[in-house]
A.B. asks: 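Can you keep this structure in mind? I'll have questions shortly.
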Number of protein chains: 2
Amino acid sequence: MTFTAEQKRLAAQEAYNGGLAHCPARQLLETISSKWVTLVMLALADGPQRHSELRRQIPGASQKMLTSTLRALERDGLVSRLVTVSVPVRTDYELTPRGHSLLGVLIGLKDWAEENMDGVAHARMEYDRHRLEFGE
Amino acid sequence: MTFTAEQKRLAAQEAYNGGLAHCPARQLLETISSKWVTLVMLALADGPQRHSELRRQIPGASQKMLTSTLRALERDGLVSRLVTVSVPVRTDYELTPRGHSLLGVLIGLKDWAEENMDGVAHARMEYDRHRLEFGE
DNA sequence: CTGTATCCTCTAAGATACTG
DNA sequence: CAGTATCTTAGAGGATACAG
């Protein structure tokens, strides 16, 4: 059996994407680029917080999103969840050691961003201005 | 004129999200979490590359995606584009100084990922296993 | 208080075909 | 070779209502 060039290309793409899915860096990016993870982790930086406290600190997150990002972080072993059975229920979230370690990396990201994103914004404006001026 | 609690909450959310949009760290995350930017930047780490060379190095990216991530990176001043008018046309892409600087941060991310994502994967399996065992 | 279950929207990413 | 123009689709994110 032989293959067309197209088939070979598609096979290569598939293999490549399959590999990508298992690339640790890609996985990490997928985790931290979820809209609320960084904010949640930052909110937990200073110690445990209850669900309701997190809601107050991150008013932009819907309840569903807050719960689901907390679940994802728990599943990844970055946050631990402690439920106190009472009426009403009380739930505390806390960074695990690995979570703290990741937080360090995130802060590095934040620092770079705060130093450089102004420049990026400026570059964007320049780029857009030229596009307008010289048509295209 | 008065406002309901609901209106106040929505206003707060809107203000918060508006603020988020201007948060440098969030913007950076949005940039680098675009599926192909890290791969493109890594491919450019060792020096300039032509469009076709990039395609070969990153076979998973469709032409459209490759072009559009390159455009985005150029707009942000992270990559520069040099077109040589000839037949056929030749285009070279290269990291700018700011691009190199960002690359450093990305490598930090990669290092953390390579050290920790195994642990994360393990945590995920444990989590899922418990979920299956104890129902819920 | 903490969380689940639906339903809906919007957009990043991909497939495909075409142009200078 | 490099790039643009459409069309489609999968899934992240959100609004709302309900439940233990």
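None of the values given here were measured: they were computed from a predicted structure. Below, read A as the first sequence line, B as the second, and so on, with proteins coming before strands; counting in each chain starts at 1. FYI, side chains are in, hydrogens and waters are out, and symmetry mates aren't considered; it's all heavy atoms of this structure.
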A.B. asks: Look at the side chain of A/Ser52 and decide which nucleotide, out of D/dA2, C/dG3, C/dT2, has an atom nearest to it.
C.D. replies: C/dT2
A.B. asks: For the pair made of CD in B/Glu53 and C1' in D/dA2, what is the distance, rounded to whole Å?
C.D. replies: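 My rounded result for the distance is 13 Å.
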A.B. asks: Specify the separation, in whole Å, of atom CZ of B/Arg71 and atom P of D/dT4.
C.D. replies: 5 Å
A.B. asks: Nearest-Å distance, CD (A/Gln63) to C1' (D/dG20)?
C.D. replies: 13 Å
A.B. asks: Looking at B/Tyr93, I'd like to know whether one of its side-chain N or O atoms comes within less than 4.0 Å of OP1 or OP2 on D/dC1.
C.D. replies: no
A.B. asks: Report yes if at least one side-chain N or O of B/Arg50 is closer than 4.0 Å to OP1 or OP2 of D/dA2; otherwise report no.
C.D. replies: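 B/Arg50 to D/dA2 OP1/OP2: side-chain N or O found under 4.0 Å.
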A.B. asks: Quick one: are A/Arg129 and A/Met125 in side-chain contact, heavy atoms under 4.5 Å?
C.D. replies: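 A side-chain contact is absent here, since even the closest heavy-atom pair is not under 4.5 Å.
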A.B. asks: Would you say D/dG3 has OP1 or OP2 under 4.0 Å from some side-chain N or O of B/Arg90?
C.D. replies: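 No.
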A.B. asks: When you measure from the side chain of A/Thr31 to the backbone of A/Gln27, do you find a donor-acceptor pair of N or O atoms at a distance under 3.5 Å?
C.D. replies: yes
A.B. asks: Got more than 12 heavy atoms from elsewhere within 6.0 Å of CD, A/Glu115?
C.D. replies: no
A.B. asks: Measure the distance from CG on A/Leu82 to C1' on C/dT2 and round it to the nearest whole Å.
C.D. replies: 14 Å
A.B. asks: Could you say whether B/Arg56 or B/Thr67 is positioned toward the 5' end of DNA chain D, judged by the nucleotide with the nearest heavy atom to each?
C.D. replies: B/Arg56
A.B. asks: Think A/Ser34 has a side-chain N or O under 4.0 angstrom from the OP1 or OP2 of D/dA12?
C.D. replies: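 No, outside the criterion.
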A.B. asks: Quickly work out the A/Leu39 CG to D/dG13 P distance and round it to whole Å.
C.D. replies: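 It is 12 Å, rounded to the nearest whole Å.
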A.B. asks: Please state how far atom NZ in A/Lys35 lies from atom P in C/dT11, giving the value in whole angstrom units.
C.D. replies: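 Answer to the nearest Å: 11 Å.
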A.B. asks: I need the CG-P distance between A/Leu66 and C/dT2, as an integer number of Å.
C.D. replies: 10 Å
A.B. asks: Would the distance check show the side chain of B/Thr91 and the main-chain N or O of B/His51 forming a donor-acceptor pair, the cut-off being under 3.5 Å?
C.D. replies: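 No, B/Thr91 side chain to B/His51 backbone: no donor-acceptor pair under 3.5 Å.
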A.B. asks: Quick check: any donor-acceptor pair below 3.5 Å linking the side-chain of A/Lys64 to the base of D/dG14?
C.D. replies: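 Between D/dG14 and A/Lys64, which were checked side chain against base, a qualifying N/O pair under 3.5 Å is present.
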A.B. asks: Quick check for you: among C/dA13, D/dG3, C/dG3, whose closest atom lies nearest to any side-chain atom of B/Thr91?
C.D. replies: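 Given the options C/dA13, D/dG3, C/dG3, the side chain of B/Thr91 is closest to D/dG3.
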A.B. asks: Which part of the nucleic acid does A/Ser68 contact within heavy-atom distance under 4.0 Å: base, sugar-phosphate only, or nothing?
C.D. replies: nothing
A.B. asks: Do you know which two heavy atoms are closest between A/Leu44 and A/Tyr93, and how far apart they sit?
C.D. replies: CD2-O, 3.5 Å
A.B. asks: Taking CZ from A/Arg131 and P from D/dG3, how many angstroms apart are they, rounded to a whole number?
C.D. replies: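 Atom CZ in A/Arg131 sits about 10 Å away from atom P in D/dG3.
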